[in-house]
Structures are given as C-alpha cells and as structure tokens.
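Working notes, beginning with the structure itself.
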Amino acid sequence: MANQPLRSISLPSREHPCCVRIEALLNHLKSYQSSPFNAFETIQASLVGLAELYSCVEELIASPSTQQALLAPAKHGKVVEQALESSITLLDTTNIARDLMVTMKEQVQSLQSAFRRKGRDSSIETSIQTYLCFRKKAKKDIAKCLGGLKRMETKSIASQQQGLEDLSIVEKTLRETTSITISILKTLLKFILAIPTTTNGWSLLSKVVKMKSLSYNDQKEEKKNKKIVNLVESVDLFLHSLMKNIQSNEVEMSQRMLLDLDSSSEAIVVGLNTMFRCLVQNRVSLLNIITK
C-alpha cells in the first residue's frame, strides 16, 4: 500500500469514547504504510500500534449498545460473520509469519555458532546451505500467504460497493481494522520474502558493503538520502557470496549482519506473539456476540 495515496480515516458520529483513539491509531498506522521503505523498526512499530488498535476495538465491541447494533434486524449478525470469516485468514497468516520468524532466528543463531567456531571448515558451508534451503522454502510459504491476503483484500473491496461513508461506525471500524491488518502483514511478509530491489545482486551487495564500512553517524546520513537495503536480503546475498569464496573479512561482516538480524527478528517475534493473542481475543469476542 506504500504506493497508494494516503487517505485519512474519519469515523462518523463518534458514539463511543474510544472512537477518537481508534481514528487516531488508524491514521497513524496508515502513515507507516506510506513510508518510502519498511525497515524492521517500522514493521515493529506497526505491530505495536496494531495491538493497541485491537485493544480499543475490544473496548468498542464490548459495549452493550455496540452489540445491539451489530445484531440489529437489518444486520442479522452479517457484520460479525464477515469479521469472523476474515479473522481465520488473519490468524493463520500471523501464525505462519511468527513460525517463519522463529525458525529464521534459530537458523541465524546456528550460523552465528558456526562462524564463532572459526575457519573455513565444512560446518560453515553446511550451516549456510541449511539457512538458504530454509529461505527457499520460506519464500514458497510466504507466496501462499500473500495470495490468501490478496484474495481476502479483493473480496473485501467487492463487498464494500456501497462505500465506507454509508456504513455504521462499528462496521467501518471493523472493516478498516481488517484492512490495515492485511496491509501490515503484507508489508512484513514482503520484507521477509526479500525480493531483490535491483536486477544486479552484486550491485546491491556493494551497497551493503559500503553501508557497513561507514561510521554510525555516516550511516544515519546515508539512510536519509537513500532507500535502506533490506537486511534479510543483504544476509542472503552475503551468504551466497560466502558459499563461492569464504573470506575472513566477509565472514566478519556476515557476523555483524547476523547479529543485527537476530535482534531484529526477536523484536518482530514479540510483536507477532502479541498480535496473535489480540486476534484470538477479537475472534472470541465476536463469537460471544453471535452466541448470545
């Protein structure tokens, strides 16, 4: 969604005190999606904001007046049923993304151990091959998840032909929450997928080398002027280069990048764990409304 124009969210007739906060959170999360690049820090912040959004939505749907509106004769629980249907895909996708991040973190730590054992022995090559095989399988899993999110997005758009302005505040909140969740999950999955941002992989590799050779202050200035290289993609490129020719300077650089990837992965795993719990609670709350 980064290439789409930023649209401010404006919820109609704020019937509940938390609606103001929900509106602010939705607009804040959309501003993340409009950024020129999505580094791990941005994705982590998006997951934190998304968890807060779901907390506010929980407060909204717990209101007796909200539940009464959702089960009004004109609605017949259709809004809740649609939200429940969407929640299945979101839960599955979040769970897969979390498992992928956990496995990637484990693989990275295995690589770090192999590098610490030093030398150009076969253990390094074996660890690299294992990691690259994982990355290959992960890309297939991510492609399937992105396909599911795309179908969900298309279906959601088709069901909104009357336009968001004609929906009640609760309907609009649930749909906007689902929409931004899809967007953030797609951003995360595409980042992990690490599609090369240039047709020349070695050109990108040289940019990574340049960034790593700069001082901390110089790196910050460089990031202001240029798009940040995807850290996951950078590690992939370095490991491919090491498989061809293991050099001590590249091993050292790979170790630093793996350390960055390890710490970044941990933050994303924490965010996805929180997000998964929020989605489960949201689904339970919606099911409770239907079964009342």
Side chain to side chain donor-acceptor pair (under 3.5 Å) evaluation trace for R116 with Q255: CA-CA 9 Å; R116 280 195 296 269; Q255 285 176 306; over 6 Å; no
Given side chain to side chain contact (heavy atoms under 4.5 Å, CB included), test Y32 with I43 step by step and report yes or no. CA-CA 8 Å; Y32 280 132; I43 295 171; over 6 Å; no
So Q44 and V270, side chain to side chain contact (heavy atoms under 4.5 Å, CB included) or not? Walk me through it. CA-CA 9 Å; Q44 182 190 4; V270 171; over 6 Å; no
Take E58 and S285 through the test side chain to side chain donor-acceptor pair (under 3.5 Å) and record every step on the way to the result. CA-CA 8 Å; E58 276 295 304; S285 298; 2.6 Å; yes
Let me see the working for E52 and R21 under salt bridge (charged side-chain N to carboxylate O under 4.0 Å, His left out), right down to the final yes or no. CA-CA 10 Å; E52 187 176 352; R21 183 58 182 155; 2.4 Å; yes
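Within the 4.5 Å cutoff, side-chain heavy atoms of K186 are placed close to those of E153. Contact check for Y131 versus V108: side-chain heavy atoms found under the 4.5 Å cut-off. Side-chain contact between V79 and V170: absent, with no pair of heavy atoms (C-beta onward) separated by less than 4.5 Å. Residues V232 and R135 meet the side-chain proximity criterion, which asks for heavy atoms closer than 4.5 Å. With a 4.5 Å cut-off on side-chain heavy atoms, K30 and E176 count as touching. For the pair K140 and K144, the minimum side-chain heavy-atom distance is 4.5 Å or more. Annotation: side chain of T173 is not in contact with side chain of I61 (no heavy-atom distance under 4.5 Å).
Heavy-atom minimum distance, C19 versus I169: SG-CD1, 3.1 Å. Across all non-hydrogen atoms, the minimal contact from L279 to L90 is CD1-O, 3.8 Å. Residues G148 and T89 approach most closely at O-CG2, 4.4 Å, considering heavy atoms. For the pair T94 and L272, the tightest heavy-atom approach, listed with the atom from each and the gap, is CG2-O, 3.8 Å. Minimum heavy-atom separation, E81 to I290: CG-CD1, 4.2 Å. Nearest approach of I142 to L193, heavy atoms of both residues: CD1-N, 3.8 Å.
Between the side chain of T130 and the backbone N or O of T126 there is at least one donor-acceptor pair closer than 3.5 Å. S31 contributes a side-chain N or O that, together with a main-chain N or O of H28, makes up a donor-acceptor pair within less than 3.5 Å. Panel note: side chain T66, backbone A62; no donor-acceptor pair is recorded below 3.5 Å. Listed for the T93 side chain is no donor-acceptor partner under 3.5 Å among the backbone atoms of C145. Between the S87 side chain and the L84 main chain, a donor and an acceptor come within less than 3.5 Å of each other.
In this structure, CD1 on I268 lies 5.5 Å from CE on M101, to the nearest 0.5 angstrom. Annotation: the span from L231 atom CG to L261 atom CG amounts to 5.0 Å, rounded to 0.5 Å. To the nearest 0.5 Å, the span separating OG1 on T154 from NZ on K150 amounts to 5.0 Å. Atom CZ of residue F276 and atom OG1 of residue T274 lie 12.0 Å apart, to the nearest 0.5 angstrom. Distance CG/L111 to CD1/I124: 9.5 Å, rounded to 0.5 Å. For the atom pair S46 OG and L188 CG, the distance stands at 9.5 Å (nearest 0.5 Å).
Here V48 pairs with nothing under the side chain to side chain contact (heavy atoms under 4.5 Å, CB included) rule; sequence neighbours left out. The side chain to side chain donor-acceptor pair (under 3.5 Å) check on R151 picks up nothing, with sequence neighbours excluded. Partners of T181 under the side chain to side chain donor-acceptor pair (under 3.5 Å) rule, at least two apart in sequence or in another chain, are Y54. Partners of E41 by side chain to side chain donor-acceptor pair (under 3.5 Å), not counting sequence neighbours: none found. Residues that satisfy the salt bridge (charged side-chain N to carboxylate O under 4.0 Å, His left out) test with D92, not counting sequence neighbours, are absent from this structure. Considering only residues two or more places apart in sequence or on other chains, N95 meets the side chain to side chain donor-acceptor pair (under 3.5 Å) condition with R98.
Following chains of ILVMFWY side-chain contacts shorter than 4.5 Å, one can reach V235 starting from L132, so the two form part of one hydrophobic cluster. In this structure, M104 is not a member of the same hydrophobic cluster as L259, with clusters built from ILVMFWY side-chain heavy atoms closer than 4.5 Å. Under the 4.5 Å side-chain heavy-atom criterion for ILVMFWY residues, no single connected hydrophobic cluster contains both I180 and I88.
For K172 and E23, the salt-bridge test fails: no basic side-chain N is under 4.0 Å from an acidic carboxylate O. Ionic pairing of K137 and D141 is present here: one or more N-O contacts between side-chain nitrogen and carboxylate oxygen are shorter than 4.0 angstrom.
When each of N282, V284, N288 is paired with L286, the side chain to side chain contact (heavy atoms under 4.5 Å, CB included) condition holds for N282 and for no other.
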